[in-house]
Every structure is written in structure tokens, then in C-alpha cells.
Enquirer: 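A single structure is presented below for examination.
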Amino acid sequence: MVLTGLMKNNKNIFLGAVLSAGIVLLGCDSGKKPAEKPVEAKPLPAIATPDFNADSSYEYVAAQVAFGPRVPNTKSHVDCGEFLARFFMKHGGFIYRQEFTSKAFDGTDLKLKNLVVTFNHKATKRILLAAHWDTRPFADQDKANPKKPFDGANDGASGVGILMELARVINAAEKKPDVGFDIILFDGEDYGQPMFYPGEYQNDSWCLGSQYWATHKHKANYSAYYGILLDMVGAKDATFAKEGVSMQSAPSVVQNVWSAAARLGYAKHFISVQSEPITDDHTYINKLAMIPMIDIIEYEMSDGNYFGSYWHTHNDNMDVIDKNTLKAVGQTLIEVLYREQL
Ligand code: AHN
Ligand code: ZN
């Protein structure tokens with residue numbers, strides 16, 4: 001896999017060299033002495049990265065779903081939260097359980113818990129990876145049964161299942177990334193006001209956990225070099241567009257992640273299309289925590305609601321999850337982490 005990556009990459013490097021040669025020639029016209037030789041672009045050195053196991057990641061998605069919908073203020077939610085905390089401790093993470101209460105759009109007090117997991121805490125250069133672990137309390141896009149909760153296999157569990165497998169394989173690997181990294185599992189992302197609720201629409205009713213963390217970090221002076229959020233990252237044939245908030249706040253991070261995916265052969269998932277801005281946890285991390293963060297989120301151009309047709313319906317269950325998509329996202333994240341230099 002490393003080899004294919006390198007071969008593909010050589011092509012990009014070659015293009016880069018042609019382009020810089022063009023710039024040197026332009027320099028000639030303006031009367032400046034051209035550089036002796038264009039600076040030679042170096043191909044990426046081969047590196048060994050752990051292999052992301054999609055079967056294992058799939059089982060981690062299923063394990064969350066098996067608790068029942070992880071809706072705040074339910075036993076399934078509490079139990080799954082404990083399971084996740086234990087899992088990350090077992091696989092080398094240090095856990096901060098951040099418990100707090102937030103008011104929902106309808107005035108309900110929600111008992112929420114962000115799980116902050118740190119790896120290699122001594123490293124000062126840190127990458128933040130995140131996903132939400134809660135499930136929406138109603139399938140309000142479902143025609144037949146819009147008031148009942150749904151499994152949230154893709155919306156919620158897929159991102160968490162990828163971060164679980166990433167933590168497992170990196171912890172088991174002899175060679176770790178040079179950078180430190182943190183995983184935050186945000187709670188209360190999906191409790192946003194549904195269309196069936198009367199009254200004025202409250203925009204900030206989504207993303208309660210990330211809004212809380214951004215203003216109450218687990219460590220007062222915490223920051224990260226950049227962040228990557230995962231949301232709905234496990235559906236069959238999913239496409240991820242370059243999302244608007246990400247392109248506005250962290251275009252070079254988008255570029256880096258999309259290039260890594262292309263090197264590994266995953267360009268059919270990481271497409272070169274820009275989508276409109278989407279309000280998600282990264283919106284608040286950018287706006288309130290001032291950490292540049294991108295969102296890898298499924299975006300289907302052919303679909304009326306932009307997300308998959310299963311979105312916020314009872315079809316968001318294990319049947320939509322595909323191991324190839326989990327692999328594409330998980331292996332790309334590993335590539336990005338291991339390529340990041342101090
Ligand atoms: C809105 O629908 C405003 N944002 C999408 C955030 C989301 C909901 N992600 C998953 N579920
Ligand atoms: Zn959702």
C-alpha cells in the first residue's frame with residue numbers, strides 16, 4: 001500500500017516540478033536571473049503505517065448500535081458512554097469524562113458527557129480527532145415513524161467506530177505517530193430542534209457538547225494544530241465533498257486530507273467538489289475554540305437533503321454500513337497522522 005501511494009504521488013510531484021519550472025521562466029521575463037536549477041521536489045519517503053482493520057471497525061459500530069439508540073437521558077446512552085470510556089482506556093488513552101447539563105430546544109435538561117481521550121500527552125504538537133457519540137431522539141425525516149429514535153449506525157456510531165479502531169491499531173503498533181493526538185467524542189450533537197416542533201427555529205440547538213467543550217476545555221490552555229471531525233463516514237459508496245465551513249476555516253487541512261486519501265486510492269470517496277457550509281461540531285470548534293477544524297461528512301449531490309437517503313430515518317441501521325468506506329476513512333486518517341512532522 002505504501003508503494004502504490006508513492007507511485008501515485010510521484011506523478012503529483014512531477015506536476016509540481018513542471019509548475020515551478022514555469023514560475024522560474026516567468027521570472028526570466030521580468031529580468032531576474034533564473035535560479036540555476038528548479039528546486040527538486042522530493043517524493044514522500046516510504047513510511048510504515050499500521051493497517052486499519054475494517055472488520056474490527058465494523059464490529060465497533062455494531063457494538064454501539066447494540067446498546068440501543070444512545071439518546072441523552074436514557075440507560076443506553078449512559079451504558080454506551082461507559083463502554084466507550086473503558087475501551088479507550090484499554091487501548092492506551094487517558095480519559096477525561098466531561099459531564100455537564102445542557103438545555104435542549106424544548107427546555108429539557110440533558111445530562112451530557114463529552115469523552116476526551118489523549119494519547120502521547122507529552123507532545124506539544126497535537127492533532128484533534130472527533131465524532132459525536134449520541135443518537136438523535138427522533139427519526140424526523142422518516143415518513144412512517146418520525147417520533148421514534150433510530151439506530152444511528154452511520155449518524156454517530158460510524159465516526160466513533162473508526163476512531164476506536166484507529167486508537168486500537170496505533171496503540172498496538174511499535175511505531176507511533178510523531179505528533180500527539182486527542183480524540184473527543186462529543187455528546188448532544190444531534191438533539192437539534194426538529195421541524196415538527198412549533199415556534200421559532202433555534203439555530204444553536206445542535207452540537208451541544210462541542211459548544212460546551214469549546215468554552216470549557218478539559219485543560220484550560222489546550223489547543224491543537226488542527227482538527228478533523230468525522231460525521232456519517234460509514235455508508236456504502238459514500239462521497240465526502242470539501243465542506244464549506246472547512247474550506248473557509250482550514251483549506252490547507254482539507255487539501256492535506258484529500259491528497260492523502262487520493263494517494264491511498266480513495267479518491268472515489270473523497271471527491272473534488274465543494275459543498276455549502278454545514279453546521280456541525282466543527283463549526284463551534286472553529287468559531288469558539290479557534291482551532292481550525294474540518295468535517296469529513298457524507299454529502300450526496302444526487303440526494304435532495306444532501307446527506308444519504310437514510311439520514312434521520314429508521315434506515316440508518318447496520319444495513320447501510322460498508323467496510324470499504326470505514327477502511328477508506330480510517331486508513332486516510334492514519335496516513336495523515338503518520339505523515340505529520342514535528
Ligand atoms: C444540520 O442538519 C443543521 N446539520 C447536520 C449536522 C448533523 C446532524 N450531523 C449529523 N446529524
Ligand atoms: Zn444527525
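The residues of the chain are indexed from 1 along the displayed sequence. Counting starts at 1 for both ligands and their atoms, following the listed order.
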Enquirer: Which residue and non-hydrogen atom of the protein lie closest to atom 9 (N) of ligand 1, and at what distance in Å?
Expert: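 Going by distance alone, atom 9 (N) of ligand 1 is nearest to Asp231 OD2, 2.7 Å.
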Enquirer: So, Tyr212 versus Asp187: side-chain donor-acceptor pair below 3.5 Å or not?
Expert: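 No.
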Enquirer: Any ion pair linking Asp51 and Lys327 (charged N to carboxylate O, less than 4.0 Å)?
Expert: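 Result for this pair is yes, salt bridge flagged.
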Enquirer: Would you indicate whether the side-chain heavy atoms of Glu335 and Tyr266 approach each other to under 4.5 Å?
Expert: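 Result no, sub-4.5 Å side-chain heavy-atom pair not found.
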Enquirer: Name the closest protein heavy atom to atom 1 (C) of ligand 1, giving the residue it belongs to and the distance to 0.1 Å.
Expert: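 Its nearest protein heavy-atom neighbour is Thr279 O, 4.0 Å.
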Enquirer: Using heavy-atom distances only, which candidate in Glu189, Gln193, Gln141 approaches atom 7 (C) of ligand 1 most closely?
Expert: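 Comparing heavy atoms across Glu189, Gln193, Gln141, the nearest one to atom 7 (C) of ligand 1 lies in Glu189.
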Enquirer: Within the structure provided, determine whether His312 and Asp142 are in side-chain contact (heavy-atom separation under 4.5 Å).
Expert: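 A side-chain contact under 4.5 Å is absent here.
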Enquirer: Report whether any nitrogen, oxygen or sulfur of Asp155 sits less than 2.8 Å from the Zn ion (ligand 2) (N, O or S, backbone or side chain).
Expert: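 Yes.
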Enquirer: Does a side-chain heavy-atom distance below 4.5 Å link His132 with Asp231?
Expert: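 Side chain of His132 against side chain of Asp231, heavy atoms only: contact under 4.5 Å found.
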Enquirer: Please list the nearest protein heavy atom to atom 8 (C) of ligand 1 with its residue and the distance rounded to 0.1 Å.
Expert: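 The closest one turns out to be Asp190 OD1, 3.2 Å.
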Enquirer: Applying the side-chain contact (heavy atoms from CB on, under 4.5 Å) criterion to Phe150, which one of Val71, Asp316, Asn145 satisfies it?
Expert: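 Only one of Val71, Asp316, Asn145 forms a side-chain contact (heavy atoms from CB on, under 4.5 Å) with Phe150, namely Asp316.
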Enquirer: Do any heavy atoms of Arg136 fall under 4.0 Å from ligand 1?
Expert: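 Under 4.0 Å: no for Arg136.
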Enquirer: For the Zn ion (ligand 2), which N, O or S atom of Asp190 is at the shortest distance?
Expert: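 Within Asp190, restricted to N, O or S, the Zn ion (ligand 2) is closest to atom OD2.
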Enquirer: Does Asp231 bring an N, O or S atom to within less than 2.8 Å of the Zn ion (ligand 2)?
Expert: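 Within the cut-off used here (under 2.8 Å), Asp231 places no N, O or S atom near the Zn ion (ligand 2).
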Enquirer: With atom 3 (C) of ligand 1 as the reference point, say which of Tyr306, Trp311, Trp206, Phe307 has the nearest heavy atom.
Expert: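 Heavy atom nearest to atom 3 (C) of ligand 1 belongs to Trp206.
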Enquirer: Relative to the heavy atoms of His312, which atoms of ligand 1 are at a distance of less than 4.0 Å?
Expert: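 Taking each heavy atom of His312 in turn, ligand 1 has 8 (C), 11 (N) under 4.0 Å.
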Enquirer: Taking 4.0 angstrom as the limit and counting only heavy atoms of Asp155, give me the atoms of ligand 1 inside it, by number and element.
Expert: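 In order of number, 10 (C), 11 (N).
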Enquirer: Give a yes-or-no answer on whether the side chains of Tyr225 and Glu340 include a donor-acceptor pair shorter than 3.5 Å.
Expert: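 Note: Tyr225 and Glu340 side chains miss the donor-acceptor criterion.
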Enquirer: So, is His132 polar-close to ligand 1, with some N/O to N/O distance under 3.5 Å?
Expert: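 Between His132 and ligand 1 (N or O atoms, distance only) the closest approach is not under 3.5 Å.
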Enquirer: What I'd like to find out is whether the side chain of Asp151 reaches to under 4.5 Å of the side chain of Met318, using heavy atoms alone.
Expert: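 When only atoms from C-beta onward are counted, Met318 and Asp151 do not touch, as no gap falls below 4.5 Å.
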